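Quick caveat: nothing in here was measured; it's all calculated off a predicted structure. Convention: sequence-line order gives letters A, B, ...; per-chain numbering from 1.
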Amino acid sequence: MSLTLIVLLPFIGAVLPAIMIRAGRNACATATGSVTLLALILLMAKAPAVIAGEVFQVSYSWLPELGLNVTFFLDGLGLLFATLILGIGLLIIIYARFYLSKDDPMGRFYVFLLLFQGAMVGIVLSDNILLLLIFWELTSLSSFLLIGYWKHLPEGRQGARMALAVTGAGGLAMIAGMLILGDIVGSYDLTVILQNAGLIQASPMYLPALILILLGCFTKSAQFPFHFWLPHAMAAPTPVSAYLHSATMVKAGIFLMARMWPVLSGTPEWFYIVATAGLVTMVLGAWIAIFKHDLKGLLAYSTVSHLGLVTMLLGFGTPMAAVAGVFHIINHATFKAALFMTAGIIDHETGTRDIRRFGGLLNLMPIAGTIGIITAASMAGIIPLNGFISKEMMLEEAWHTMWLDQNWVVPLLATVGALFSVAYSFRFIFHVWLGKPRDENLPHHPHDPPFGMWAPPALLTVLVVLIGLFPAAIAGPLVAATAGAVIGGELPEYHLSLWHGLTPALGMSVIAIIGGSLLLMRHGGLMSATANLSRPDAKAMFDCGMAKAVALSRLVSDNLHNGSLQRYLAITIIGSIGIGLSGFYAQPDFQSGTRELLEVSPPAAIGWLLLVVTCIASVFMHHNRLLTLLLVGVVGLIVSLGFIYLSAPDLALTQISVEVVTVILMLLALNILPKETPKESLPGRKMRDGIVSIAAGLGVGGAIWAIMTRDLPNTISSYHLANSKTEGGGTNVVNVILVDFRGFDTFGEIIVLGIAALSIFALIETVTQGEAAKRLANWVVSNRRSADRHPMMMVVATRVMLPLSLMVGVYIFLRGHNEPGGGFIAGLVVSVALVMQYMASGFGWTQNRMKVNYHGMIGLGVIAAAITGVSAWVAGLPFLTSGFVHVHLPIVGEFELASAMGFDLGVFLTVVGAVMLALAKLSQVERMAEHVEINTEPMDHDPSLSAAPAATPGKEA
Amino acid sequence: MEFLVASSIGLLTTCGTYLLLRGRTFPVVVGLALLSYAVNVFLFAMGRLTINMPPILREGVTEYTDPLPQALVLTAIVISFGMTALIVVLSIRTFLEIGNDHVDGRPVGAPSEAGDKN
């Protein structure tokens, strides 16, 4: 449990800084630090057991069908990395509190940092590789936010983009690799995968999986040729560089190579890819670092070089090299994090990071200087610091390594790499801290930073010295536990100590130190000698590649997605026809079924004829919009009649009431829209559309013909019919299905209806702004108006009919459970009754008397339905289980009262609210366009007020 | 009878599709309405056609039509009203914003795409 908590704590805690920043910067930093500290304490509580060889495991089922489970495990390797992530994280949090200026939004910084921390801990503790991939991508995303934290700086944004593009692309490759790996083994659990080295290496998919996974590792850990993003990511604030680019994120790739070491390493493919990439990265990174004038640039390339060193060691594939690699991971994290923090201190105190302007800073900043010199010496590999020991081990391993049967290649290049490393480390020492000040006019007068800023690197420096002096005592157990986890077997004989006697490695070390010193002495000459060498600029190449990719995707999307609805619809319809046709050809024995057909009655034939005529007419006369609307109304009417005829009374009632509302809606729309459709289709286009439409019609008609002429297989409907009365308490099976059997569907549907109405509301409410408002203000009422807008006859008739029609609505609602009717139909009927009032007496007059909030009604409806559903929980039944009681009333007799009625009431309210909201909002646009005042009288000419003069037509709406 | 229904569905689909492919919003809305009829009747007909067998339980009656497609179509009718209302309002809003009712939403005077002139 506490293992899960270690991963979750940073994520949960990530809300704290956002809240605590209101209480001040100290409170914010303290809250953030406590989260990390708590996670670290939980981890440390497990450390002794893990070092003793125990492996903690915890597992929760998530999507077991996909092999995706939340499983964590903690072994030596996980312990080492989690300690680095949380431990250095804690130091960084303290350091950042003093580093960030008052103008920087600190809360946001800590939120990003904790998210990143959680993702990193997730990577190193995941037992499931799919889960690991999720955390892996999370680190890419959160590091993007951290690198681009100073979003006002273009370098920050560009660096963040580049880092995301490179590591994100690598992450994608890795997903593929991991999936292959999981497929080979048949499990996505690391603990299982790690047991199957033989199976994996014998598989023909081993090489593709290896390459894809390594792509992910190399991009993340900035290995050649993907090393270029890391220096650009240095635009981030220094705490980020120190955290992400020394101790954690760039080590994620290394971690994964170490994690997968038992199953992937040991093959020639692994050796030549990994060791070679590491070797090249080590030498190249160190070489470039010598020439960097930016302090952080130098450290960035040095990091690239050291990551290359560890990669190379892992690539050697021998247990001894793995031990050396693990040890160097620890050492590098300690000295490099401290160096980055020192660079941040220099930047903070002097206002610049240009090495050419420094010199003699040790006198001005003695504490920071001491830290910087000791850690840089460790980076150079000077005795007796920890960097020396692991470098010796590396050189020792290199000495024994053959590359393409040549015994000199690796030792030589390793020595050269070490030599360059000495050169840039000494440059950091001599050009920054020692010697004479070269620039008296630094932006700020440097002095030592506050305690909170130098304490974290100082602590690391103490570690650097202690591990150097007593390696076996301080780091020995951790190295043993970690290396044991990496190797997954017996540890080789090794001895962590400063002095191993006169070994070849010592000789190579001496050569490196002397050569590096000589190189630094000639630094000025070297600079000018190489100044004119043309070297590839990774950023320009990257930008060029990105520009081409953007241009290509723009080309593709512009052609596919040109903004023409006609094109999209044509493609969709033609595509659907194509799919239908392919099915048709796949099974060419298309025949009518043998089901007994119904007789054609004369009324049915007349209805069909009417439908055919109106349908065709609506197409040929569609330029006259009003006529089209009427014709479509006729079609709707025939469809309703058809439903009655074909045993579907509920559908008929619904269809006919919807028809009324739709026609009113379309008429309102037509008042604003043009009354004619211009004739602009070219004959060719008409021909194409005609052919496509006929093909679609033939396909759909043929399909339903084939279905209707075959017998209905036994479906769930028989269950509905059998249980409608006994389970749902109603005899109208359609209504019982709606409110009971499939109530959850209906619940979703009324929500959709409500959302549609609210969208309409939003679309109309904002019509008073921008172009639309201007057009409405300048609207010219073109069509002729009736002189009597609110005719007396209609007003009186609707007024009389209102109670009657509302009564009908209530009746339809109440009987709906047993007879045709129900919430949907009742809602539509009531809406029609209300709309009639609006139409007859005008919007304003009616609205003043009907103070109903239609939004509220929609919400109320959904809530009523939900409450009915939830109330089943009280009885311990699933959501929307319906109950009913038999009630006996005198006169009325016995009837059932079902809880589904409450649900149906919700449906009713939502339907009324949605219909009324849509129509009311639409009529609001009309009133805005016609510039008329709201009428206060129900009719234009009121005979009961015969003494008063007749109101002037056209002044009311 | 089955032939009448099948041919009606086919015809409604044809007319609806043709109007759907027009270049102005109103015919598209009408086309969508016709297509909704076609789809609703199609779904309804999946339960096969029956006469005088409404799914209202009665004493002594054992044969009923399939109630499930009816229930599904009932909500579909109401939902398609909601969708029609939404796209009607969308087309009005577009018309007010850009001054014409072309479905591609080009402002007045913007060059129309060659070949899509309908």
Side-chain angles (χ1 to χ4, degrees), chain A residues 563-566 569 573 597-598 600 608 611 615 619 622 625 628 632 639 646-651 654-655 658 662 665 669 672-674 677 680-681 685 689 693-694 696-697 700-701 704-705 708 712 717 720-721 725 731-734 737-738 749 752-753 756 759-760 763 771-772 775 824 918, chain B residues 1-2 4 6-15 17-21 23-24 26-27 30 33 37 42 45-46 48-57 64-68 70-71 73-75 77-79 81-82 84-86 88-89 92-93 95-97 101 103-104 113 116-118:
Chain A
S564 166
L565 180 71
Q566 282 177 288
L569 283 177
I573 293 168
L597 301 183
L598 293 177
V600 176
W608 177 78
L611 185 111
C615 234
V619 166
H622 82 267
R625 293 181 171 184
T628 320
V632 172
V639 170
L646 295 168
S647 320
D650 279 285
L651 289 189
T654 314
Q655 183 73 62
V658 160
T662 309
L665 179 91
I672 292 276
L673 292 173
T677 302
E680 53 189 359
S681 287
R685 174 60 68 99
D689 290 350
S693 315
I694 289 170
V700 172
I704 197 63
W705 170 253
M708 285 193 295
L712 186 63
S717 299
H720 291 149
L721 285 166
K725 176 87 174 155
T731 53
N732 180 359
V733 187
V734 173
I737 291 175
L738 282 177
E749 272 150 6
V752 171
L753 193 66
S759 313
I760 291 171
L763 279 169
E771 285 293 309
R775 286 209 170 77
F824 276 112
Chain B
M1 195 66 208
E2 273 79 0
L4 298 191
S7 58
S8 302
I9 293 172
L11 187 66
L12 284 168
T13 309
T14 301
C15 297
T17 308
Y18 184 79
L19 290 179
L20 208 59
L21 291 170
R24 301 285 169 162
F26 194 80
V30 173
Y37 292 136
F42 188 105
M46 292 295 285
R48 309 301 186 268
L49 304 184
T50 50
I51 293 173
N52 287 331
M53 284 190 217
I56 313 287
L57 302 180
Y64 298 101
T65 187
D66 192 350
L68 188 61
Q70 294 197 16
V73 169
L74 199 152
T75 50
I77 293 172
V78 182
I79 294 275
F81 163 73
T84 309
L86 184 62
V88 162
V89 171
I92 287 182
R93 181 69 197 266
F95 178 64
L96 289 175
E97 287 293 337
D101 65 341
V103 286
D104 294 352
E113 198 197 349
D116 261 355
K117 285 196 68 139
N118 48 335

Open item on the list: Using a 3.5 Å distance criterion without hydrogens, assess whether the side chain of E2(B) forms a donor-acceptor pair with backbone atoms of L598(A).
Closed with: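 At least one qualifying donor-acceptor pair exists.
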
Open item on the list: Determine whether a donor-acceptor pair (N or O, by modelled atom type, separation under 3.5 Å) exists between the side chain of S647(A) and the backbone of T50(B).
Closed with: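 Yes; at least one donor-acceptor contact below 3.5 Å.
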
Going by heavy atoms in the side chains, are [X] and [Y] under 4.5 Å from each other?
X      : Y       : answer
Y64(B) : S717(A) : no
V78(B) : E749(A) : no
F26(B) : P674(A) : no
L68(B) : H720(A) : yes

Task: side chain to side chain donor-acceptor pair (under 3.5 Å) against Y37(B), all qualifying residues, sequence neighbours excluded - done: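 Per chain and number, Y37(B) pairs via side chain to side chain donor-acceptor pair (under 3.5 Å) with E659(A).
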
TODO: Mind checking the CG-OG1 spacing from L646(A) to T65(B)? Nearest 0.5 Å is all I need.
DONE: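 Rounded to the nearest 0.5 Å, the CG-OG1 separation comes out at 8.5 Å.
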
Open item on the list: Counting heavy-atom pairs under 4.5 Å with chain B, which one of L569(A), T662(A), L673(A) comes out on top?
Closed with: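 Most pairs with chain B among the choices: L673(A).
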
Task: Greatest number of heavy atom pairs closer than 4.5 Å to chain A - which of C15(B), G82(B), S7(B), A33(B) - done: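 Of the candidates given, the most pairs with chain A belong to C15(B).
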
Task: Partner of V73(B) under side-chain contact (heavy atoms from CB on, under 4.5 Å), chosen from V734(A), L651(A), T654(A) - done: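 When V734(A), L651(A), T654(A) are each tested with V73(B), the side-chain contact (heavy atoms from CB on, under 4.5 Å) holds only for L651(A).
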
Open item on the list: Can you tell me which portion of W608(A) sits under 4.5 Å from chain B's heavy atoms? Options are side chain, backbone, both or neither.
Closed with: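 Looking at W608(A), just its side chain touches chain B.
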
TODO: Name all residues meeting the side chain to side chain contact (heavy atoms under 4.5 Å, CB included) criterion together with V700(A); count only those two or more places apart in sequence or in a different chain, and write none if there are none.
DONE: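 Here the qualifying residues are I9(B), T13(B), F42(B).
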
